[in-house]
Every structure is written in structure tokens, then in C-alpha cells.
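Predicted, not measured: the structure shown is a model, and the values here were computed from it. Just follow the structure's listing: the first ligand is 1, and inside any ligand the first atom is 1.
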Amino acid sequence: MVKLFDPYISKAEINAAVKVIKSKFWASGSGVNYVKKFEGAFCQYTGSKNCVAVSNGTAALHLALALFNIKNKEVLVPSLTFVSSVSSIIYNGGKPIFVDVDPETLCVDIADIEKKITRKTGAIVTVDFAGMPSNLNEIKRIAKEYNVPVIEDASHSAGAVYNGKKIGAHVDAVCFSFHPVKNLAMPTGGAICLNNKNSDKMEKTLQSLRWCGIENRHGYDYDVGRLGWNYYMNEISAAIGLIQLKKLDVANKIRRTISKKYFSELEIKNKMPYSENCSYHFYWIRVMDKDKFMRKMTKHGIQTGIHYKPVHQMSYYKTRTSLPITERIGKEIVSIPTHPNLTNDNVNKIIHTVNSCMRNK
Ligand SMILES: Cc1ncc(COP(=O)(O)O)c(C=O)c1O
């Protein structure tokens, strides 16, 4: 079976993990303190002001939104995303207001943000869909007009570029997921990059929030100054992450080469555009009979996926909101693999199989 996702690992990650396991210093802050090393390296890589590592991407979104006062306020967010982009708003007492997406990029539709933003809005959450950077300049322009922060869900876009700078350096808080399927993979992990004028203070707040509200540690003495969570990154993840980070640009280049080939050779009208700035976490196509198509792909030994069934259509999040583009795309979208372990034969087989499925609809 050609897998949809597959971590791009070598002996180096295995050796790093074994070294930490043998050291018996597994928790953050102990032993070598790989977590701190990872934070420094990721901060430098992204060009962000500050970086705080956490236990996963959901935790990153939860804590990033906790930095801004969104309680009882509306937060604009796309529905075509993983549920964590939305649940993190509710964790913080905010009210998600779903916005539609641009049919070209599947990132938030700027016109719909302009239509839905009001004085009741407390923040804008944007998602870099499949690794395609959102239109951050426009989002920042609108956010500035309403004096609200921008939180970027960059779970798919580690290593992507916007306006010549890496994703991570552009908006108030940028949240990454290092889930094993992601472009930068760890057993479990996430990070928040900060660029706000108060980001030094925010970094300290996040460090306290990620570890039970603990602050002012002096030796064995400490205080608990706020309600916090147990969201710290472990040392095994951080040690693996440091190696993954070194290979991220090379791995993303392979993903782009594969995606460029899909873009030029797939005989499908509605497909993901090609951009040198995208990190291509996966490649999406739109097909009419999704279930039949996916069944055929499985039969030919190729795993596909659905990213995403819209959040506003899930039982818990159901609203009356109508999002015509998201709803249509939710019925048609299928993801195909772009991971760097694919061989040329795999890629050619994927193209050939998709094209023959499309011809014999
Ligand atoms: C867009 C998006 N946001 C948030 C997350 C949550 O990340 P994690 O699984 O690390 O909590 C994911 C992960 O699947 C994601 O794809």
C-alpha cells in the first residue's frame, strides 16, 4: 500500500531517541534539555521573536488563544480545517464564527472575513491549508483596522514561505503541530511562535500555562500564579525534532517536486495550485464521486484521505451558517500523498491511477 503519510526518518532519529531513553531524562527541562534547544533552533529557523514548545498542535492553539482576551467574543475561523482550530476557541470561552474559503487555495476567503468581522470580534484564526500560506497581508490589514490579533494555524505549513520569510514570523501567534504525519514529525509535539510587541512577556505566560501555572521557580521553590495545563513537550520528541528540523527544507523540496508533477500531469480541473512557497503537507484534488474514487484508489494500493469534512457540519458544532464553497468542497475533496518517501514509481502510479479513474468515471 502506498501510504498517505509516512514520517521521513533515518538512523539519526532512532539514535537520538535511544540516547534520550537511555539517559532516563525524558521530561522537559531535565538532562540535556533538548526542548530548550529545539525552541532556540525553531525560533531561529522561522525568524520569529519567541518560541514555546508544547505537547501537540491542539495545545499550541489552546494556549495561543489564551494569550488574548477572547472570552465571550467572536473569533473568525474557517470551517474547512481540523477541529482543533475551532475547539481551541471554545476552550477559551470564545464563540467561533465560521468563514468560507477561497476556492483556489482553500485558505480563508478575505471577502468573507471583511463581511463577518465586527466590533464583537476578538481574534482571527487562519489556517494554511495543506501548507499553502494564507493571504497574511490582507488578514493583518483587516485585523489592524479592528485591533484584533491574528492566530495562524500553521500545522501544515512548517517550512513554507510568505513574502520571502518563513511561516512563523508574520503574525501575533503562529501554532505548529509536530504530529507524526506532519512535515516536521515527532512522536508528539507542537509549538507557538510569537511576533507580538508583548511577545517576551507572552513567552513567560506560555511557559507557565504549559506547566500547570507554575512560575518563579528558584531551586525547589515555586509559585502557581494562574490556572495552567500539563502541556510540556518531552525530551524524546524534542531530540527527534532537532534532527527533523535540519532536514525540513530538503523534505519540503521533495514534496514540492512531487506536487509540481501532480499539478502538470493530473487530468483534473479542480486541483491544488502550484507554488514555490507551499510546504505541500498533502496534495488535494476535487472529484465528483469521492467514495467511488477513494475505493478505486484503495483497490490499486494507494491510500487517500479526506481533509476535511467541514467542522460546522459536525454534530457538536452545527450552526445555521451557510458556507457554500466549504460545503461543496467538503463533498469533493480528496488528499493524495506527497511525503518524501514516495519513489518515482509511486508518484507515476498515483498519477496514472488518478487519471484512469477520472477517464472511467
Ligand atoms: C490544521 C490542524 N490544526 C490543528 C491540528 C492539531 O494538531 P495535533 O494533532 O498535534 O494536536 C492538526 C493536526 O492534525 C491540523 O491538521
Side-chain angles (χ1 to χ4, degrees), residues 3-7 35 38 42 51-66 75-92 96 98-99 101 105-108 123-134 136 150-160 167-168 171 173-193 206 209-210 229-234 236-238 240-241 244 255 272 278-284 305-312 314 317 326 329-330 333 335 337-339:
K3 288 203 251 171
L4 178 59
F5 297 115
D6 196 29
V35 173
F38 179 80
F42 200 63
C51 173
V52 177
V54 289
S55 52
N56 55 61
T58 307
L61 286 158
H62 181 175
L63 298 193
L65 278 156
V75 178
L76 305 185
V77 62
S79 169
L80 195 72
T81 184
F82 186 64
V83 65
S84 301
S85 323
V86 186
S87 55
S88 53
I89 298 168
I90 297 179
Y91 297 158
N92 285 291
F98 292 108
V99 289
V101 289
T105 62
L106 307 193
C107 296
V108 278
I124 301 172
V125 173
T126 183
V127 178
D128 300 330
F129 195 87
M132 190 65 82
S134 312
L136 298 175
V150 179
I151 290 85
E152 184 179 3
D153 183 341
S155 295
H156 301 173
S157 55
I167 287 296
V171 300
V174 189
C175 301
F176 292 89
S177 160
F178 306 128
H179 181 282
V181 303
K182 295 297 192 296
N183 294 37
L184 193 163
M186 297 181 185
T188 168
I192 304 143
C193 287
L206 287 175
L209 284 172
R210 78 173 164 188
W229 285 265
N230 195 347
Y231 281 172
Y232 67 81
M233 179 182 278
N234 70 71
I236 303 167
S237 286
I240 291 174
Q244 286 272 296
R255 289 174 184 273
M272 191 170 180
C278 181
S279 57
Y280 289 100
H281 174 48
F282 54 83
Y283 189 90
W284 58 261
I306 299 174
H307 299 86
Y308 292 94
K309 184 175 161 191
V311 178
H312 79 288
M314 304 284 184
Y317 292 93
T326 298
I329 284 160
I333 198 159
S335 8
T338 53
H339 60 78

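- Summary of contacts: the protein heavy atom closest to atom 9 (O) of ligand 1 is H179 CD2, 3.8 Å.
- A donor-acceptor pair is defined here as one N or O able to donate and one able to accept, closer than 3.5 Å; such a pair exists between the side chain of S134 and the backbone of V127.
- S155 OG, 3.3 Å is the protein heavy atom nearest to atom 4 (C) of ligand 1.
- Looking at residues two or more places apart in sequence or on another chain, you find a salt bridge (charged side-chain N to carboxylate O under 4.0 Å, His left out) between K3 and D6.
- Those atoms of ligand 1 with a heavy atom of D153 less than 4.0 angstrom away are 1 (C), 2 (C), 3 (N), 4 (C).
- Side-chain atoms of S335 and H307 include a donor-acceptor pair closer than 3.5 Å.
- Among protein heavy atoms, atom 6 (C) of ligand 1 sits closest to T58 OG1, 3.5 Å.
- Within the 4.0 Å heavy-atom shell around ligand 1 one finds Y308.
- By the salt bridge (charged side-chain N to carboxylate O under 4.0 Å, His left out) test, R210 is found to be paired with E39, residues two or more places apart in sequence or in another chain being considered.
- Looking only at heavy atoms of the protein, atom 14 (O) of ligand 1 is closest to K182 NZ, 2.8 Å.
- The side-chain heavy atoms of I192 and V174, taken from C-beta on, include no pair separated by under 4.5 Å.
- Per-residue contacts place S177 under 4.0 angstrom from the following atoms of ligand 1 (heavy atoms of the residue considered): 7 (O), 8 (P), 10 (O).
- Counting atoms of ligand 1 from 1 in the listed order, those under 4.0 Å from a heavy atom of N56 are 10 (O), 11 (O).
- In the vicinity of T81, heavy-atom distances shorter than 4.0 Å reach the ligand 1 atoms 1 (C).
- Proximity of a side-chain donor or acceptor of Q244 to a complementary backbone N or O of A185 within less than 3.5 Å is detected.
- In this structure, atom 8 (P) of ligand 1 lies nearest to the protein heavy atom G57 N, 3.4 Å.
- Of the possible donor and acceptor atoms, one in the side chain of T188 sits under 3.5 Å from a partner among the backbone N and O of S55.
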